[in-house]
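One structure is given here, and the rest of the page talks about it.
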2 protein chains.
Amino acid sequence: MSKIKDTSVNFENKKNLEETCAEIYAVNLISGQWILSICYYLKQGKLRFTELKNKIPNITERMLTLQLKKMEEDKLVSRTAYAEVPLRVEYELTPIGKGLLPILAQLEQWGKLHKSMSEGSAT
Amino acid sequence: MSKIKDTSVNFENKKNLEETCAEIYAVNLISGQWILSICYYLKQGKLRFTELKNKIPNITERMLTLQLKKMEEDKLVSRTAYAEVPLRVEYELTPIGKGLLPILAQLEQWGKLHKSMSEGSAT
DNA sequence: ACTCATACTTACATTTTTGTTCGTTGAATA
DNA sequence: TATTCAACGAACAAAAATGTAAGTATGAGT
């Protein structure tokens, strides 16, 4: 996330796949470790940085910062900073970000089905 | 993919998130670099290892092997080996793997929309 | 005996992601 | 004056994913 070498084969491959295939492009937008958690809590509405931090178990400030920044660059969330002290910053899903929600709901259904099958056969 | 330390904080976090949230569980199943490409080509039906290799640009045999193995463990594809010489192995999407396809189609739509918006504003 | 093809495996190197710790800002509060 | 708060940023370390290059087993064909 921090450093991406735009000369690496890995980078080339990723770029090509994204260009060729919008599914891959889409999945790459949501494949950070904490991005879906953030989406989950922002479903309800705006939240401040610290509120998110407190709601998401085990996330560090650094990861929250990084993931929010990526989501902002990717237009999934909007950031509003208020010139107060202490600082207040609110995050909210953008319209296109909200457009993901129904798809995520379906993924959730599929995931549950898959999980129940795996548990059933893992005995 | 190769090595996963089951003592790391990273591993703990991932596991907790997957247990809590089926969306995250689901996305983790499809978040390998080449997994969606493989899905794409297996939509049509069975394919042999070499056929996949030739269809997917730039993939190496190692990555194809790894991703197929993961997909097999995750019950997304089934593997059938024929006792011939030279060896013949066929891969096919499982029923639950096929269940992903409509969701991926929606992701594709969303991705295209997102991409068109980004291109429009990036000028 | 020797090569050929398929479907891998292994060892190693590089790149990317995630985690840990500490520092910053600037007004309010003790 | 020192401390506290929110929302980060920077430096470094660890882990995970991906890439590169080489090798393996099996027989069948020449």
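These values consider heavy atoms only, across backbone and side chains, with no hydrogens, waters or symmetry-generated copies. The shown structure was predicted, so the numbers you read here are calculated from the model rather than taken from an experiment. The chains referred to below are lettered A, B, ... by the order of the sequence lines, with proteins before strands, and numbering in each begins at 1.
- Among the nucleotides D:dA15, D:dT20, C:dA7, the one closest to any side-chain atom of A:V9 is D:dT20.
- Between A:N58 and A:E61, the residue whose closest nucleotide on DNA chain C is further toward the 5' end is A:N58.
- One finds a salt bridge joining B:R88 and B:E90 here, because a Lys/Arg side-chain nitrogen approaches an Asp/Glu carboxylate oxygen to under 4.0 Å.
- Distances shown here put a side-chain N or O of B:Q67 below 4.0 Å from the OP1 or OP2 atom of D:dT18.
- For the residue pair A:E51/A:Y41, the side-chain donor-acceptor check at 3.5 Å is not satisfied.
- Atom CD in A:E84 sits about 17 Å away from atom P in D:dC5, given to the nearest Å.
- Toward the 5' end of DNA chain D, the nearer of the two residues A:Y91 and B:P86, judged by each one's closest nucleotide, is A:Y91.
- When the P atom of D:dA17 is taken as reference, atom CG of A:N13 falls 17 Å away, rounded to whole Å.
- Going from atom CG of A:N16 over to atom P of D:dG19 covers 11 Å, rounded to whole Å.
- Remark: B:K14 is not in phosphate contact with C:dG19, judged by side-chain N or O atoms under 4.0 Å from OP1 or OP2.
- Atom-to-atom, CD of A:E90 to C1' of D:dA7 comes out at 13 Å; the value is rounded to the nearest Å.
- Between C:dA7, D:dA7, C:dT20, one nucleotide has an atom nearer to the side chain of A:T60 than all others, and that is C:dT20.
- Ion pairing between B:E73 and B:K69 fails under the 4.0 Å rule for side-chain N and carboxylate O.
- Look at A:K69 and you'll find a side-chain N or O under 4.0 angstrom from OP1 or OP2 of D:dG9.
- Between B:S8 and the phosphate of D:dA15, there is no side-chain N or O to OP1/OP2 separation shorter than 4.0 Å.
- Heavy atoms of B:T65 sit under 4.0 angstrom from at least one base atom.
- In terms of polar N and O atoms assigned as donor or acceptor, the side chain of B:R62 comes within less than 3.5 Å of the base of D:dT18 in a complementary pairing.
- Judged by closest nucleotide on DNA chain D, A:L68 is the one of A:L68 and A:N10 placed further toward the 5' end.
- One can place CZ of A:R48 at 10 Å from P of D:dC8, the figure rounded to the nearest angstrom.
- Listed candidates were D:dA7, D:dA16, D:dA28. Nearest to the side chain of B:V85 is D:dA28.
- Atom CD1 in A:I59 sits roughly 14 Å away from atom C1' in D:dA7 (whole-Å rounding).
- Side-chain atoms of B:N13 and A:Q33 include no donor-acceptor pair closer than 3.5 Å.
- Atoms CD1 (B:I38) and P (D:dT18) sit 11 Å apart, rounded to a whole Å.
- Between B:E23 and A:K43 a salt bridge is recorded (basic side-chain N to carboxylate O distance below 4.0 Å).
- Across the protein-nucleic acid pair, B:K15 atom NZ and D:dA16 atom C1' stand 17 Å apart, rounded to whole Å.
- Along DNA chain C, the nucleotide nearest to A:W34 and the one nearest to B:L87 differ in position, and the one closer to the 5' end is contacted by B:L87.
- Judged purely by atom type and a 3.5 angstrom limit, B:T94 uses its side chain to pair as donor or acceptor with the backbone of B:K75.
- Considering only side-chain N and O atoms, A:K70 lies nowhere under 4.0 angstrom from the phosphate OP1 or OP2 of C:dT16.
- Close to C:dA27, at under 4.0 Å from its OP1 or OP2, lies no side-chain N or O of A:R88.
- For B:T50, the side-chain atoms get nearest to C:dA7 when compared with the rest of C:dA7, D:dG19, C:dT16.
- Comparing D:dA6, C:dG19, D:dG19 by their closest approach to the side chain of A:Q33 singles out C:dG19.
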